[in-house]
Amino acid sequence: MPIVVDIDVMLARRKMSVGALADLVGVTPANLAVLKNGRARAVRFSTLDALCEALQCQPGDLLRWESPEQGPE
């Protein structure tokens, strides 16, 4: 999928665990892992808003488009 989720990058920058972020956002760690690992088919704006608030970042810090020809970085 050409949309890449960089939640793990922001977690590392904030020195935060997946469990702590899940608690702040109000989702289960399992659902956050689905999003983090790129297996989610959609994300609600309310969830994206909560992620940005918890991580003090912009949506573009969490999501990026990658050309299928480009491959992973």
Quiz item: Shared ILVMFWY cluster between Val9 and Leu51, side chains joined below 4.5 angstrom?
Solution: no

Side-chain donor-acceptor pairs of residues 27-38 under 3.5 Å, sequence neighbours excluded:
{"unit_1": "Thr28", "atom_1": "OG1", "unit_2": "Asn31", "atom_2": "N", "d": "3.0"}
{"unit_1": "Thr28", "atom_1": "OG1", "unit_2": "Asn31", "atom_2": "ND2", "d": "3.4"}
{"unit_1": "Asn37", "atom_1": "ND2", "unit_2": "Ala33", "atom_2": "O", "d": "3.0"}

Practice problem: Can you measure from CG (Leu62) to CE (Met10) and round to the nearest 0.5 angstrom? | Solution: 6.0 Å

Quiz item: In Å, rounded to the nearest 0.5 Å, how long is the span from CD of Glu53 to CG of Leu48?
Solution: 12.0 Å

Quiz item: Is the side chain of Asp23 donor-acceptor paired with the backbone N or O of Ala20 at a distance under 3.5 Å, no angle test?
Solution: no

Quiz prompt | Side chain to side chain, Met16 and Leu55, heavy atoms closer than 4.5 Å | solution = yes

Self-check item: Student check: side-chain heavy atoms of Cys57 and Arg14 closer than 4.5 Å
Solution: yes

Quiz prompt | Any Asp6 side-chain heavy atom under 4.5 Å of Leu63 side chain | solution = no

Quiz item: Hey, are the side chains of Leu21 and Ile7 touching, using non-hydrogen atoms and a 4.5 Å cut-off?
Solution: yes

Practice problem: Can you establish whether the number of heavy atoms outside Arg44 located under 6.0 Å from its atom CZ is more than 12? | Solution: no

